Protein chains: 2
Amino acid sequence: MNATGMPDLDELKRLLRDHVQRNGLKSSSRRELVLEVFTRMGRHVTADELLRAARDSDARIGAATIYRTLRVLQDSGLVVERHFEGGASQFELVDGDHHDHLICIECKVIVEFDDDVVEQAQERLAARFGFELHSHRHELYGLCPACQKKRAAKAKRRTAD
Amino acid sequence: MNATGMPDLDELKRLLRDHVQRNGLKSSSRRELVLEVFTRMGRHVTADELLRAARDSDARIGAATIYRTLRVLQDSGLVVERHFEGGASQFELVDGDHHDHLICIECKVIVEFDDDVVEQAQERLAARFGFELHSHRHELYGLCPACQKKRAAKAKRRTAD
DNA sequence: TTGGCTGCAAATCCTTTGCAGAGGT
DNA sequence: ACCTCTGCAAAGGATTTGCAGCCAA
């Protein structure tokens, strides 16, 4: 992750090439394009958003390529897929440390966070049930500060009537 | 929730009738059938599982009715929908206290758990970002004890060759 | 040259909707 | 009677797959 807060593109391309080579796959400019577009967009994107953005650079790229590329990127560990409530999957670049999500149910803004207490509790819980933990999802849904204010203002207006 | 560990059917039917009446809807035997089937099956079921089971009692019931009924049940607060990773939504009867999930990535068995430490951490995190918390998802994915053994046995067999 | 990659279109899977008739109040 | 509920079939959205040609190694 560089100073821009986004993972470094060249680094990502290198990791992708490594994975591709190690698994008897082949390099391709489309796959690197998807990676480029990914770094330009916000951290959470849907397959369709990637497709539209990728078409700005390569009008002939198809949805199938996006999905197939996303699978390769997931296999290589560069990307994770997330199903938030409702709608399509979101894909997210991985940058070493993972994070959980706090999502506004009104404006859909996503805040990432990380918490050691929860982390440890997860290990403890898995151990209690004899599970070998592989991954987890932890998402909190609520109203962000801005949307709370908006609601409060709206309620006030109603009262004033 | 009664001694069987399943919510009480009569109680559920009563709650459903209340909701239906309060909202100008109408009672129907199909909706109560879905509720019955729900209590007979494990806690987590897909729409398709409900459909097949319901057809044992009423061969003519259709998928649309299941989905429409599930929406009514959700509106009434009796059921919640969950999108675990991959595949179809699962629906779950609500019985007052909520719980989180530990899911085996191999055999898909689901263990429910409840943890105060995590619960408190969630409140704390939401507060830190000024969010007003409404709900959350917390799912741990891993290998259950049985599937760990199966994998170990398989690995051993390979080694023996 | 080989075998992976791609676009395109068709196919799937899950879920929702339109419509005409059945059923509850 | 009125308005909701239902089955059926068709529509929908997201994702996957089959296939024939393209491209990298």
Side-chain angles (χ1 to χ4, degrees), chain A residues 13 16-37 44-76 79-91, chain B residues 13 16-37 44-76 79-92 108:
Chain A
K13 286 191 180 176
L16 175 57
R17 291 201 189 98
D18 286 353
H19 169 80
V20 157
Q21 209 145 31
R22 269 199 314 281
N23 292 82
L25 307 180
K26 292 179 176 173
S27 288
S28 93
S29 56
R30 311 291 156 94
R31 296 222 265 237
E32 302 208 343
L33 171 59
V34 171
L35 214 40
E36 278 175 42
V37 168
H44 301 89
V45 288
T46 63
D48 192 61
E49 287 166 347
L50 280 173
L51 175 60
R52 292 169 191 283
R55 282 195 164 146
D56 290 345
S57 305
D58 177 353
R60 321 190 47 68
I61 195 169
T65 298
I66 299 293
Y67 282 105
R68 287 189 278 231
T69 298
L70 283 169
R71 183 162 300 173
V72 172
L73 293 177
Q74 288 179 76
D75 291 344
S76 73
V79 162
V80 293
E81 178 176 4
R82 303 194 177 274
H83 283 264
F84 295 122
E85 283 173 9
S89 287
Q90 305 229 22
F91 297 86
Chain B
K13 286 191 181 175
L16 175 57
R17 291 202 191 100
D18 286 354
H19 170 79
V20 157
Q21 208 147 31
R22 269 199 315 279
N23 292 82
L25 307 180
K26 294 181 177 172
S27 287
S28 93
S29 57
R30 310 293 157 93
R31 297 220 265 237
E32 302 209 342
L33 171 59
V34 171
L35 214 40
E36 277 175 43
V37 168
H44 302 87
V45 289
T46 63
D48 191 61
E49 288 166 346
L50 280 173
L51 175 61
R52 290 169 191 283
R55 283 195 163 147
D56 291 344
S57 305
D58 177 352
R60 321 190 48 70
I61 195 170
T65 299
I66 300 293
Y67 282 104
R68 287 189 278 230
T69 298
L70 283 169
R71 181 162 300 171
V72 172
L73 293 177
Q74 289 179 75
D75 291 345
S76 72
V79 161
V80 293
E81 178 175 5
R82 301 192 177 276
H83 285 265
F84 294 123
E85 282 174 9
S89 287
Q90 304 230 18
F91 296 87
E92 177 180 343
K108 311 298 180 193

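Each chain gets a letter, A, B and so on, in the order its sequence line appears, and its residues count up from 1. None of the values given here were measured: they were computed from a predicted structure.
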Looking only at the side chain of B/R31 (C-beta and beyond, no hydrogens), which of the listed nucleotides D/dT6, C/dC5, C/dT15 gets closest?
D/dT6
Between [Y] and [X], is there a side-chain heavy-atom distance shorter than 4.5 Å?
X     : Y     : value
A/R17 : A/E32 : yes
A/D48 : A/I66 : no
A/V72 : A/R31 : yes
A/F84 : A/H44 : yes
A/F91 : A/Q74 : yes

Main chain of A/R60, side chain of A/D58: is a donor-acceptor contact present, judged purely on distance under 3.5 Å?
yes
Using only atom types and a distance under 3.5 Å, with no angle test, would you say the side chain of B/R55 pairs donor to acceptor with the backbone of B/I61?
yes
Expressed in angstrom and rounded to an integer, what is the separation of [X] atom [atom1] from [N] atom [atom2]?
X     : N      : atom1 : atom2 : answer
A/E32 : C/dC5  : CD    : C1'   : 14 Å
A/H83 : C/dT15 : NE2   : P     : 12 Å
B/L70 : C/dC14 : CG    : C1'   : 13 Å
A/L73 : C/dC5  : CG    : C1'   : 14 Å

State, without any angle test, whether A/Q90 and A/T46 hold a side-chain donor-acceptor pair at a distance under 3.5 Å.
no
Is there any protein nitrogen or oxygen under 3.5 Å from a nitrogen or oxygen in nucleotides 18-20 of chain D, and what are the pairs?
unit_1: D/dG18; atom_1: O6; unit_2: A/R68; atom_2: NH1; d: 3.4

Contact list for DNA chain C against residues 47-62 of chain A - heavy-atom distance below 4.0 Å
A/R60, A/I61, A/G62
Considering only NZ, NE, NH1 and NH2 on the basic side and carboxylate oxygens on the acidic side, decide whether A/D75 and A/R71 come within less than 4.0 Å.
no
Hey, does the side chain of B/R71 come within less than 4.0 Å of C/dT16's phosphate (OP1/OP2), counting only N and O?
yes
Verify the contact: side-chain N or O of A/Y67 to OP1 or OP2 of D/dT16, cut-off strictly under 4.0 Å; return yes or no.
no
Determine the minimum heavy-atom distance between A/L33 and A/A54, stating which atoms define it.
CD2-O, 3.9 Å
Looking at every non-hydrogen atom in both residues, tell me the closest pair between B/A53 and B/V37 and how far apart they are.
CB-CG1, 3.4 Å
With a non-hydrogen cut-off below 4.0 angstrom, is A/G24 in contact with a base, only sugar-phosphate, or nothing?
sugar-phosphate
Mind checking B/S89 for me? I need base, sugar-phosphate or nothing, with any heavy atom below 4.0 Å counting as a touch.
sugar-phosphate
Can you tabulate the close N/O pairs, meaning under 3.5 Å, that link protein atoms to atoms of nucleotides 23-25 of chain C?
unit_1: C/dG23; atom_1: N2; unit_2: B/K26; atom_2: NZ; d: 3.4
unit_1: C/dG24; atom_1: N2; unit_2: B/K26; atom_2: NZ; d: 2.6
unit_1: C/dG24; atom_1: N3; unit_2: B/K26; atom_2: NZ; d: 3.3
unit_1: C/dT25; atom_1: OP1; unit_2: B/S27; atom_2: N; d: 3.3
unit_1: C/dT25; atom_1: OP1; unit_2: B/S27; atom_2: OG; d: 3.3

Closest to the 5' end of DNA chain C, once A/I66 and B/G87 are matched to their nearest nucleotides, is A/I66
